[in-house]
**Q** 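My structure is below; once you've seen it, I'll send some questions.
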Amino acid sequence: MSRFWSDAVQGLSPYVPGEQPKLPDLVKLNTNENPYGPSPRAIAAIAAENGDNLKLYPDPNSDRLKGAIARLHALEPAQVFVGNGSDEVLAHAFLALLKHDAPLLFPDISYSFYPVYCKLYGIAAETVPLADDFSIRVDDYLARPCGAIILANPNAPTGRALPRAEIARLLRAKPDAVVVIDEAYIDFGGESAIPLIAEFPNLLVIHTLSKSRSLAGLRVGFAMGHRELIDGLERVKNSFNSYPLDRLAIVGAEAAIDDTAYFDATRQRVIASRERLTGKLEALGFEVLPSSANFIFARHPGRDGAELAAALRERSIIVRHFRLPRIDQFLRISIGTDAQCNRLAEALAEILK
Ligand SMILES: *Cc1c(COP(=O)(O)O)cnc(C)c1O
């Protein structure tokens, strides 16, 4: 606290991201990064842009990148919004579309940035408990009055996916509420809501290049929806920062989006490793929630979650543990290379002995 801070700042509870320690020989499975690195075409595009051009401002509207995203998903460029990571896109969506008199609904266990944005923008919010198996029950949302809804699908940190038909049922029943679907992990196995955009003007779908495109360091995310929703986001963006994407981010993201062969090959490798690691952890007695993401969420019936995370850390393996109600026995483990997954499984076998 400081007497120099505004009242608004005194009341904030900032998000704490997973740590980025710089230790040698670390197996870093705590922030859902992709172990395979970005497309070589993205790296080449960034290298080619990295020169005298940087004296000039970037395109404030990132039109070429929006064009590439629109082509990929069979949308109009006017149905695409881009930002400095999907965290920034989410922040603008909270202010532009999710702040109403009636409360914003989201699950009690979900991306922990959502309540942070609510504090920042003074948004009335209500959490809806997940079912005992940690799935989202659409009926619980239908039963409550609300101003808007945001769901991560697959959900974080559970990894569980909601079928597209369930999202359609929600959109149909709540035609006057904006429904944001945060699809940060959708490329690892869930059903995207993008095909519903044409039918539902209240749907906004948000993607990131940080996970499936392995560009967490470039900071690019985007939203897709009816142009009325996109225009609302553009109004906030143009009241905040004209150039959220720099020149390197624009060209790198465009090349990564266009390189569908590399994208498919690397995400399939992650999915295959996830299934192998799930089997290994189940053999060690873990309960592993069914994951459609690039991480798994697992607990051991006989061993404390915090204790397991600490024992892994002693072996230079970092996973994420949340000291939060309902999930404090779980470990969230990002899917690394097979070699990293093996080291994790071997360490857990040793710890459990
Ligand atoms: C990682 C993540 C994001 C943020 O991604 P960035 O584009 O890196 O800001 C958003 N939502 C969820 C659910 C995430 O897990």
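Note that ligands are numbered from 1 as they come in the structure, with each ligand's atoms numbered from 1 the same way. Side chains included, hydrogens not; waters and symmetry mates left out as well; all remaining heavy atoms used.
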**Q** Go through the side-chain N and O atoms of Lys28 and Thr31 and say whether any donor and acceptor fall under 3.5 Å apart.
**A**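 Side-chain D/A pair, Lys28 to Thr31: present.
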**Q** Could you check whether Glu287 and Gln329, counting side-chain N and O atoms only, form a donor-acceptor pair closer than 3.5 Å?
**A**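 No - no donor-acceptor pair under 3.5 Å links their side chains.
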**Q** Are a donor atom and an acceptor atom from the side chains of Gln79 and Lys66 found within less than 3.5 Å of each other?
**A**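 No.
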**Q** Compile the protein residues with any heavy atom at a distance under 4.0 Å from an atom of ligand 1; present them by chain, then by number.
**A**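 Within the 4.0 Å shell of ligand 1, which is judged on heavy atoms, sit Gly85, Ser86, Asp87, Leu90, Tyr111, Asp182, Ala184, Tyr185, Thr208, Ser210, Lys211, Arg219.
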**Q** Regarding Tyr15 and Asp87, is there a side-chain donor-to-acceptor distance under 3.5 Å anywhere?
**A**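 No.
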**Q** Verify whether one side chain among Asp259 and Ser39 offers a donor that lies under 3.5 Å from an acceptor in the other.
**A**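 On atom types as modelled, these side chains qualify, holding a pair under 3.5 Å.
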**Q** My understanding is that only residues two or more places apart in sequence, or in another chain, count here; which of them pass side-chain contact (heavy atoms from CB on, under 4.5 Å) with Ala131?
**A**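 For Ala131 the side-chain contact (heavy atoms from CB on, under 4.5 Å) partners, ignoring immediate neighbours, are Asp133, Ser135, Arg137.
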